[in-house]
Amino acid sequence: MLLERLIEKANQKSEYDWDAYYHWFFTEQAGHEASGYTFWECKKCLTVNILYLPARYGKCRCCSLIYLASS
């Protein structure tokens, strides 16, 4: 009975439009129209950072090392 209800709920359309929400969220975080994101690891301090695309460069949130998106 519980499994049947879970399957029915999984087949229903989501109550929220998560794709639109994340598009809005990434655009607000980037400060420009973001088409996607990628992660990169700082070679100096090994911190994992996020880069909102399209971007020419990113800056490490820990040590401020500049990361070129083309590299």
Side-chain angles (χ1 to χ4, degrees):
M1 193 69 169
L2 177 62
L3 181 59
E4 290 173 356
R5 280 190 270 158
L6 288 173
I7 291 172
E8 287 175 6
K9 184 157 180 85
N11 291 332
Q12 292 176 354
K13 187 176 179 185
S14 177
E15 184 178 344
Y16 304 104
D17 186 0
W18 291 108
D19 292 333
Y21 170 75
Y22 282 117
H23 179 73
W24 168 82
F25 180 74
F26 292 147
T27 299
E28 289 296 313
Q29 293 293 315
H32 57 80
E33 187 68 25
S35 61
Y37 62 94
T38 187
F39 295 98
W40 62 278
E41 182 179 22
C42 179
K43 294 179 181 179
K44 182 178 177 185
C45 66
L46 303 178
T47 303
V48 176
N49 298 284
I50 190 167
L51 182 67
Y52 299 105
L53 302 173
R56 293 189 299 256
Y57 66 92
K59 190 184 225 185
C60 178
R61 59 188 165 92
C62 184
C63 69
S64 299
L65 182 75
I66 300 295
Y67 168 79
L68 297 176
S70 59
S71 63

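- Within the structure, side-chain hydrogen bond (donor to acceptor under 3.5 Å, both in side chains) contacts touching residues 22-40 (residues at least two apart or in different chains) are His23-Glu33.
- Ile50 is connected to Tyr21 through a chain of hydrophobic side-chain contacts under 4.5 Å among Ile, Leu, Val, Met, Phe, Trp and Tyr, so both are in one cluster.
- Contacts of Glu15 classified as side-chain hydrogen bond (donor to acceptor under 3.5 Å, both in side chains), with partners at least two apart in sequence or in another chain: none.
- Between Cys42 and Cys63 the shortest side-chain heavy-atom distance falls below 4.5 Å.
- Judged as a side-chain hydrogen bond (donor to acceptor under 3.5 Å, both in side chains), not a single pair has a partner in residues 44-63 (not counting sequence neighbours).
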Could you list the donor-acceptor pairs under 3.5 angstrom formed between side-chain atoms of residues 2-11 and any protein atom two or more places apart in sequence or on another chain?
{"unit_1": "Asn11", "atom_1": "ND2", "unit_2": "Ile7", "atom_2": "O", "d": "3.3"}

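- In terms of hydrophobic clustering, with Ile, Leu, Val, Met, Phe, Trp and Tyr side chains grouped at heavy-atom distances under 4.5 Å, Phe39 and Leu68 are assigned to different clusters.
- Qualifying ring pair (Phe, Tyr, Trp, His ring centres under 6.0 Å) partners for Phe25, counting only residues two or more places apart in sequence or in other chains: none.
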